[in-house]
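First up is the structure itself, then whatever we jot down about it.
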Amino acid sequence: MTLDAHTVHDTELIQLLTPEGERLEHPDYPLTLTDPQLRDLYRDLVVVRALDREAVALTRQGELGLWPSLLGQEAAQVGSGRALGAGDMVFPTYREHGVAYCRGLPLLNILKLFRGVDHGAWDPREFGFHLYSIVIGSQTLHATGYAMGIQRDGGRGAGIGDAAIAYFGDGATAQGDVNESFVWAAVYNAPIVFFCQNNQWAISAPLERQTRIPLYRRAQGFGFPGVRVDGNDVLACLAVTRRALDLARTGRGPTLIEAFTYRMDAHTTTDDPTRYRSSAELEEWRLRDPVVRLRAYLTRSGQAEPEFFDETDAHAKREAAALRAACLALPDPPPAELFDRVYAAPHAVLAEEQAAYDSYLAGFR
Amino acid sequence: MTLDAHTVHDTELIQLLTPEGERLEHPDYPLTLTDPQLRDLYRDLVVVRALDREAVALTRQGELGLWPSLLGQEAAQVGSGRALGAGDMVFPTYREHGVAYCRGLPLLNILKLFRGVDHGAWDPREFGFHLYSIVIGSQTLHATGYAMGIQRDGGRGAGIGDAAIAYFGDGATAQGDVNESFVWAAVYNAPIVFFCQNNQWAISAPLERQTRIPLYRRAQGFGFPGVRVDGNDVLACLAVTRRALDLARTGRGPTLIEAFTYRMDAHTTTDDPTRYRSSAELEEWRLRDPVVRLRAYLTRSGQAEPEFFDETDAHAKREAAALRAACLALPDPPPAELFDRVYAAPHAVLAEEQAAYDSYLAGFR
Amino acid sequence: MNEAIETMPRPRSQTLTLAKALGQGLRKAMADDPKVVVMGEDVGRLGGVFRVTDGLQKEFGEDRVIDTPLAESGIVGTAIGLALRGYRPVCEIQFDGFVFPAADQIITQLAKMRMRSRGAVELPVVVRIPCGGGIGAVEHHSESPEAYFAHTAGLRVVACANPVDAYWMIQQAVACPDPVVFFEPKRRYWDKAQVDPADGGVPFDRAVVARPGTDATLLAYGPMVKTCLEAAQAAQEDGRSLEVVDLRSLSPLDTATVVESVRRTGRCVVVHEAPVFGGFGGELAARVTEHCFYHLEAPVLRVGGFATPYPPSRLEDHYLPDLDRILDAVDRSFSW
Amino acid sequence: MNEAIETMPRPRSQTLTLAKALGQGLRKAMADDPKVVVMGEDVGRLGGVFRVTDGLQKEFGEDRVIDTPLAESGIVGTAIGLALRGYRPVCEIQFDGFVFPAADQIITQLAKMRMRSRGAVELPVVVRIPCGGGIGAVEHHSESPEAYFAHTAGLRVVACANPVDAYWMIQQAVACPDPVVFFEPKRRYWDKAQVDPADGGVPFDRAVVARPGTDATLLAYGPMVKTCLEAAQAAQEDGRSLEVVDLRSLSPLDTATVVESVRRTGRCVVVHEAPVFGGFGGELAARVTEHCFYHLEAPVLRVGGFATPYPPSRLEDHYLPDLDRILDAVDRSFSW
Ligand SMILES: Cc1ncc(C[n+]2csc(CCOP(=O)(O)OP(=O)(O)O)c2C)c(N)n1
Ligand SMILES: Cc1ncc(C[n+]2csc(CCOP(=O)(O)OP(=O)(O)O)c2C)c(N)n1
Ligand SMILES: [Mg+2]
Ligand SMILES: [Mg+2]
């Protein structure tokens with residue numbers, strides 16, 4: 001069989017760090033990080049997990065309506081998030097708290113969304129991080145169109161262009177929009193990375209409900225490369241995303257990355273996963289924990305002292321406490337916010353409704 | 001690279017008959033046809049072409065609103081159409097007049113649709129041929145669901161089940177629905193054949209607007225076999241479709257067939273292809289004409305006498321004349337047809353509208 | 001089918017939540033007709049995110065309670081195909097806001113196929129949609145898209161408002177030879193009522209007077225029926241008698257029942273959660289006015305959502321019609 | 001931008017078809033702002049199946065006049081992405097009946113993003129839709145889906161009715177910071193009028209009195225404006241003076257202009273091609289009645305399509321409002 005240059009070379013999982021914390025080399029994905037860089041990655045993982053746990057706790061206490069936890073997916077998110085450049089634009093789902101963190105978006109913004117204070121009202125350009133997208137798959141087309149815009153702008157800087165990266169789940173791969181974005185990206189050779197976090201479940205639907213072959217191979221059918229990376233290995237996620245971004249920036253088009261990982265928590269705080277999956281599966285994945293793994297490596301290689309881990313934990317705890325405090329201090333939005341940012345230009349019907357509602361409310365005062 | 005059993009074995013075009021009419025053998029697609037069977041295929045091609053030409057003429061004369069010609073695609077349609085069994089169900093686009101003919105659907109039904117007499121009011125079960133589908137791609141999901149129904153019925157007859165076959169064009173492969181049908185068919189291992197007539201154009205959009213790799217390879221990305229057949233070779237189309245149907249019937253799931261062919265005429269009678277494609281391209285494809293090819297083979301091999309060709313032409317002429325006469329005799333539908341088959345059970349709003357319109361019309365009498 | 005019922009022990013009346021009543025109705029429909037299949041995201045093993053289909057997969061197997069891939073166009077499109085092969089699929093759209101990827105299959109295919117085939121093809125497909133707000137949900141989980149479907153000829157559009165109707169209407173929807181878009185008021189899923197499986201239910205294309213009254217008519221469906229009943233209760237304490245009509249069916253609309261009520265009361269307020277602008281209330285107001293022109297003491301007034309996307313949940317109490325806004329409209333009607 | 005205009009020779013008035021006027025308007029918009037891109041199926045090399053974008057690709061190149069793959073969700077979804085990168089995409093949906101695969105991107109994404117981002121994100125995307133029947137087309141090519149979008153908060157929905165408005169409104173739509181669904185009456189594509197590029201046009205959210213009259217008001221938009229003008233002409237010959245209001249914008253609706261007219265005439269007939277049931281006419285009737293209750297001599301009457309899918313073309317003359325049906329409604333209004 002003849003395969004063109006765009007198909008993947010093997011079915012192996014790209015891994016640079018074993019679950020036991022042993023460092024592996026991969027010819028296609030060389031990666032050199034300094035000790036501080038490694039420690040930064042570890043700190044990201046720990047902080048992101050702590051913030052996520054805090055959000056879950058806040059939800060249990062009724063402070064948030066719902067929370068989709070990233071537990072277990074920290075490495076996929078931090079690894080890919082830290083591969084991004086300032087000019088890149090992220091198109092997330094609703095679970096990319098770790099990527100948001102890497103982009104400098106204060107997580108309070110995301111808590112506001114799940115508290116029902118707003119719909120996620122940050123400015124995507126400020127952070128290179130678009131609004132959360134709850135309608136499964138829809139954001140992949142936005143990312144692709146954005147990448148087409150990059151092409152039309154021409155590359156920025158010294159021959160290095162921006163790139164778009166679309167995040168989505170294993171479940172999303174069944175949606176028409178995601179496949180259309182593959183068509184578009186391939187046809188226009190758009191500077192985009194498709195980053196699929198295969199966390200094995202779409203609520204209660206196991207992977208085999210969406211596909212009968214490994215997901216990264218989907219890209220073959222559209223004529224661009226697909227690669228499966230160990231999603232619990234932050235180094236591999238970083239290296240693989242970097243390379244895909246590099247391809248995108250240099251006119252070599254889209255890549256699909258399947259980050260093979262696991263959703264350790266429930267789908268969201270309202271879900272009951274005991275209805276559909278076994279605790280044995282969970283236990284198995286616990287052995288591949290992304291945070292423990294990097295810690296083992298740092299310890300084993302002497303790249304971090306015990307105090308570093310203590311400091312990191314303390315730092316994470318402070319961050320979480322600050323997030324909690326800020327969340328509890330959030331004021332409810334005033335009713336005027338119902339009306340005032342729907343349209344940029346005046347809209348007579350809405351203006352009329354607002355006036356009527358204002359005078360209705362005034363009747364109670 | 002490791003490939004599972006479901007990926008295709010080569011990139012070659014399956015061909016059993018060269019453009020010059022030479023018979024080739026293919027190890028995977030043995031085909032033995034008697035002389036009468038071969039002559040029947042030839043007759044189908046000629047009749048189908050004649051009926052299509054008649055419909056174009058009727059359109060030019062204002063008798064039809066529009067006609068999407070199958071010129072050049074006769075072999076793809078007759079080859080696949082003659083591979084089907086009585087219990088199979090076809091889900092066509094709007095161009096499958098040749099398949100319709102093979103299924104025994106009088107083409108007058110299709111002329112009615114394009115004359116605006118009805119929307120194609122035949123009973124799909126009577127012919128194993130569903131209504132035409134104009135909304136690109138929508139029918140592929142219907143076909144897949146139908147195939148899921150076959151699975152639930154259990155195979156009929158002596159271990160031989162029914163199958164569904166979905167027809168669609170190269171342009172359609174960009175639609176979300178088509179890709180979703182690939183997901184579904186793969187996940188449920190449904191008894192379906194996806195028959196894509198790649199006629200190189202989607203109105204003015206050339207193939208490279210929809211894909212950057214050969215279309216049959218799309219199936220790889222979903223985990224089922226894809227094969228490219230010479231769509232102007234009726235024998236190859238027959239053999240390849242037969243085999244795919246056989247896989248479907250025997251629990252071996254879906255196949256994508258890309259019939260590589262060419263739309264010799266305009267997209268429809270209202271299209272002006274000189275705006276977007278060269279006459280040189282057309283001339284090149286004329287050399288691969290599906291009808292001429294089979295005629296050359298039959299002549300060369302002595303499987304048909306000159307009189308046979310004359311008779312066939314005369315027969316086709318008679319069929320076309322009969323179609324024309326029947327078309328011209330079509331009565332316009334009475335206004336009551338507006339209302340009477342929208343709902344099966346009574347619908348108060350519509351009943352009220354109908355009564356009001358009846359009395360309105362009565363006012364003119 | 002009838003034999004099966006006869007040989008079954010007489011079913012007993014039960015207290016059921018609306019969600020459970022739907023589940024029981026589906027169970028009955030599946031038991032009566034082996035061609036009925038249930039399909040959607042998470043409907044099987046999980047029993048649906050609202051547990052409406054809880055237990056059905058265990059009872060009827062994976063072939064009849066189908067956990068599908070994650071794509072709504074795929075769900076409705078394959079349901080059409082199953083119907084073409086003789087099945088009666090009941091699709092679940094997980095939340096109102098996720099029906100739009102299926103809009104094409106519903107609007108251009110499901111709704112039109114019978115007419116296109118001049119009756120040769122029947123598509124007895126039910127599309128169940130949990131709808132409406134008031135549960136503090138995140139965006140896209142509180143929509144009221146009924147107007148899109150009520151305007152789509154070829155569909156029947158119904159909305160249940162209580163457990164008894166839930167139980168019967170879902171069965172009638174499954175039995176109906178036409179495609180039905182079936183709205184379920186998600187904030188009422190946990191409301192309870194006594195359901196008597198022997199009663200038979202009111203035909204699902206009829207409106208009912210949910211509470212008789214003499215001074216004005218409130219027209220509502222789905223989640224707003226209960227709110228209107230509460231408003232009528234509050235109004236009674238103020239000496240005003242409001243009649244509440246539960247439309248139950250939007251398409252067809254039971255114009256006769258509505259008109260009879262408004263002619264009697266002379267005033268009408270329409271209530272729905274969807275934005276008023278371009279909403280189904282416009283149809284109701286136009287139709288009522290046409291039929292009751294000389295009976296109306298005031299124009300038909302509409303209470304509903306604003307011409308904005310559904311707001312974040314901390315603002316939804318402002319967006320959703322409540323007792324005060326309904327009674328304010330009633331007051332405006334009286335002081336017209 | 002203004003400089004460019006100043007240095008250009010003063011444009012001359014031209015006789016243009018509606019299709020050509022749209023093309024000229026787009027050309028002007030593209031010349032004025034390099035961020036404007038046109039995209040869709042067959043819009044480039046072919047110039048669109050109605051030739052609206054004829055010549056634009058030649059003039060502005062393939063990067064700005066983008067022939068896309070064949071998928072409407074993809075077209076609108078990537079247009080959103082382009083807008084997020086600072087472009088102003090104008091998407092063409094080839095025919096009305098093919099907008100539904102894009103319904104999700106339009107309704108859940110395009111319409112809501114500004115509100116969701118509290119104004120941080122603007123999506124100046126135009127979705128052009130040739131609409132309506134009367135051209136003898138095959139199924140799915142004669143739909144009038146405006147009610148779906150008018151009910152979708154966050155969108156602006158406009159419809160042009162003549163070449164002059166076509167020329168100006170398309171430019172205003174492109175310039176508008178909000179997403180606009182732009183309906184083009186396909187059976188009027190070949191209507192001609194004198195277009196003066198110096199005049200400036202009426203703001204695209206205003207209704208205009210297309211023909212003044214005193215006895216009754218006809219409300220219409222898009223393809224039905226011309227039909228109403230003809231009806232008014234015919235009525236005049238019978239001694240009845242009908243005012244025709246061309247709404248131009250459905251969302252927002254210019255209620256003031258409409259109400260002013262109906263208060264003056266005391267009678268109102270709404271005309272559109274879409275099915276009356278659940279259609280935009282319901283909003284108009286409800287709104288007019290609320291604002292003109294004491295001025296109305298008869299209920300607002302609606303003339304439009306029936307609650308059926310669009311019929312085969314040999315029946316479309318029965319389905320589409322024509323002079324007789326409009327004047328019949330006017331008669332009914334007078335004899336109420
Ligand atoms: C269009 C659409 N349909 C259904 C849903 C409901 N829903 C929310 S999350 C989810 C599962 C998503 O699975 P996956 O893509 O694997 O992402 P994960 O949640 O595992 O990160 C579903 C069905 C939705 N949000 N959008
Ligand atoms: C959803 C949808 N979008 C657009 C169209 C308009 N249209 C009709 S045919 C066609 C091209 C189809 O190309 P292809 O799938 O290759 O089939 P072919 O016509 O070549 O047989 C287009 C864009 C349509 N019918 N449906
Ligand atoms: Mg998942
Ligand atoms: Mg084609």
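Every chain is numbered from 1 and lettered A, B, ... according to where its sequence line falls, protein lines coming before strand lines.
- With hydrogens and angles ignored, the 3.5 Å screen pairs no side-chain donor or acceptor of C/R187 with any backbone N or O of C/G134.
- Within the 4.5 angstrom heavy-atom criterion, no atom of C/R332 approaches chain A.
- For C/S73, no part sits under 4.5 Å from any heavy atom of chain A, backbone or side chain.
- Among the candidates C/G74, C/G97, C/A307, C/P275, the residue making the largest number of heavy-atom pairs closer than 4.5 Å to chain A is C/A307.
- Looking at A/N199, its side chain never comes within 3.5 Å of a backbone N or O of A/T261 through a donor-acceptor pair.
- Proximity to chain C (any heavy atom under 4.5 Å) is restricted, for A/P334, to the backbone atoms N, CA, C and O.
- For chain A, the nearby part of C/D54 is the side chain; its heavy atoms alone come within less than 4.5 Å.
- Figure legend: C/R240 and C/F334 shown as a cation-pi pair, the cationic atom lying under 6.0 angstrom from the six-membered ring centre and within 45 degrees of its axis.
- Heavy-atom pairs under 4.5 Å with chain C peak, among A/F339, A/F364, A/Y360, at A/Y360.
- Among C/E316, C/R51, C/H141, C/E72, the residue making the largest number of heavy-atom pairs under 4.5 Å with chain A is C/R51.
- Both the backbone and the side chain of C/D42 come within contact range of chain A, with heavy atoms under 4.5 Å apart.
- Side-chain contact annotation: A/R218 with A/N179, donor-acceptor N/O pair under 3.5 Å present.
- Interface remark: of the candidates A/A202, A/P335, A/G65, A/A205, A/P335 forms the most heavy-atom pairs closer than 4.5 Å to chain C.
- When each of A/L66, A/V342, A/V135, A/L338 is scored by its heavy-atom pairs under 4.5 Å with chain C, the top score falls to A/L338.
- Between A/R53 and A/D265 there is a salt bridge, with a side-chain nitrogen of the basic residue lying less than 4.0 Å from a carboxylate oxygen of the acidic one.
- Contacts between A/A356 and chain C at a heavy-atom distance below 4.5 Å are absent for every atom of the residue.
- Chain C forms more heavy-atom pairs under 4.5 Å with one residue of A/Q210, A/R115, A/H119, A/E353 than with any other, namely A/H119.
- The two residues A/S181 and A/V178 come nearest to each other via the heavy atoms OG-O, 2.6 Å.
- Taking each heavy atom of C/G44 and C/D67 in turn, the nearest pair found is N-OD1, 2.8 Å.
- A/D118 and C/R314 are not joined by a salt bridge, as no carboxylate oxygen comes within less than 4.0 angstrom of a charged side-chain nitrogen.
- C/E41 approaches C/Q94 most closely through the heavy-atom pair O-NE2, 3.3 Å.
- Contacts of C/F306 with chain A are made by both backbone and side-chain atoms, with heavy-atom separations under 4.5 Å.
- Taking A/D170, A/I134, A/L361, A/T270 one by one and counting their heavy-atom pairs under 4.5 Å with chain C, the maximum is reached by A/I134.
- Heavy atoms of C/H140 lying under 4.5 Å from chain A belong exclusively to its side chain.
- Counted by atom type alone, A/Y132 and A/E96 present zero donor-acceptor pairs between their side chains at under 3.5 Å.
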